[in-house]
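Chain letters run A, B, ... following the sequence lines, proteins first, then strands; residues in each count from 1. FYI, side chains are in, hydrogens and waters are out, and symmetry mates aren't considered; it's all heavy atoms of this structure.
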Number of protein chains: 2
Amino acid sequence: MAARPTKKTSESSDKVSVICRALRRAIIEQALEPGAKLPEDSLGERFGVSRTIARHALGQLAAEGLVELRRNRIAVVATPSWQEARDAFDIRIELERLVVRQLAGKLTKAQIAELNAHVDAEDGARGGTDAVSIRLATEFHILLAQMTNSPILVRYVSEVAYRCCLTLSLYSRPHSTECAINEHRAIISALAKGDEAKVMDLMHHHLDSVANRALVAPTPQRGRDLLDILAPYADDIAGNRVVKLPKVARS
Amino acid sequence: MAARPTKKTSESSDKVSVICRALRRAIIEQALEPGAKLPEDSLGERFGVSRTIARHALGQLAAEGLVELRRNRIAVVATPSWQEARDAFDIRIELERLVVRQLAGKLTKAQIAELNAHVDAEDGARGGTDAVSIRLATEFHILLAQMTNSPILVRYVSEVAYRCCLTLSLYSRPHSTECAINEHRAIISALAKGDEAKVMDLMHHHLDSVANRALVAPTPQRGRDLLDILAPYADDIAGNRVVKLPKVARS
DNA sequence: AGCGCTCCAATTGCATGCAGTTTTGTGCGC
DNA sequence: GCGCACAAAACTGCATGCAATTGGAGCGCT
């Protein structure tokens, strides 16, 4: 259990992975907002690669749910619905409870130090931009996942954490990250103490409170999803008579 | 909640998706065993597309963890270690508990009928090959996930279920699927009754027993991973003198 | 102005070609 | 027969080119 062979899953240093990493980071730091267009040409030019590679990278990110790919259309940064955001958080809670359950009482001194150092970094970045805070907070969770030495768990936690970041930029009001930092510290100490039930609960409530602070209202304010906005009206109308909407492409 | 908009994430009808589906199915039906080589040329020729497309499909499947992609090397069907298999099942348990938790007491009559019909199909296929039984059993779980109307949950449950199929063909002895069918029926009836705690427990034990029946011993019998098989011997030898193994490529 | 139509630039879908790397097969010395 | 060097084949990494589709500007009509 201590020295599980850490097999490299993928994500080496080929150009596709480089682009994926760059885009992922741009997305979670909200340099690319949901709905932003990602033409293959531009990406290729920007990263000095051919369109083929850019396209491949977009395919990967689409598989992770970070970008949306519609046939013959320009790829865009994903715009999850409010419900999808909530679903993502629900899944994340279960996965991260699993993480801390596996980790409770099994961390080395060095690992605990590493976690504390990371939270210190979060603390230090408190004066910076929200984007950096969010990235650091997310990386804390990924760091935890990595300590399980389970590549699959790392992958899923990372993916779902990224998705949650995405929703933060959609539905969240400017929020304070301070309590998150304290909660991170509490989780570390509970992990060190080895109190499995306690740490699972802490993680649960931590994520739940992040979700609740982020997903304030079921009515998306800045949500770009035209369909969701129009849904109630559409129902209304359907009751009266049929109206021709301009080719709503829900399919 | 009843009529959540079912947004299509990807996986439409472009050639890449077609190839992915075909390969996925071939893998879970064990027509392609773990370790099987997947050269881009051959795939392209087989499916009547260019290498570009085959390559893209392999990339997607690699992102799902079904194939392994090493730089400049032929892609192969993934060969998860025993520990990875166990991890996959652990994650799967949590995810599917979440599925049934969301579903308990919320299924329509039609949905329950659909589930029952599926289990009937599983029953009917009992005389057939193991491969078909495994596929049907897996599809039952995916069907459940789909009923949550949460695209993210569907994606993760599907992926992890496929991965579990993969490990079945690696570490499992020829097994009986009959109890699984009964357990499926029990889950459906508990879902219909709406007993949340009960159905979560049923799902937990169902998957746990599948895992335990499959992952019998930490020593893989038919495991193709040369490294794992040779590990104890290598240790032995190392104690005496150094032996030159032919370029073991663990990286 | 508002609506519909046509046509063109922008963009994707896909195949092919070339360069570099790995694997395989072959011949040679022992 | 056995091991080894070397060359040929196989395969991947990536760029480019062409056809098909889309989005939108421009334009005429009401």
Pairwise ring pair (Phe, Tyr, Trp, His ring centres under 6.0 Å) hits with a residue in residues 14-38 of chain A, at least two apart
none
Tell me, please, which residues at least two apart from Gln30(A) pass side-chain hydrogen bond (donor to acceptor under 3.5 Å, both in side chains).
none
Suppose we screen for side-chain hydrogen bond (donor to acceptor under 3.5 Å, both in side chains). Which residues come up paired with Arg135(A), at least two apart in sequence or across chains?
Glu29(A), Glu139(A)
Expected string for nucleotides 12-18 of chain D under the B/S/- scheme (protein heavy atoms, under 4.0 Å, primed atoms plus P, OP1, OP2 as sugar-phosphate) is BBBBBB-
Quick one: list whatever passes salt bridge (charged side-chain N to carboxylate O under 4.0 Å, His left out) with Glu159(A), sequence neighbours left out.
Arg155(A), Arg155(B)
Applying ring pair (Phe, Tyr, Trp, His ring centres under 6.0 Å), can you list everything that pairs with Tyr162(B), at least two apart in sequence or on another chain?
none
Between dT12(C) atom C1' and Leu43(A) atom CG, what is the distance in whole Å?
13 Å
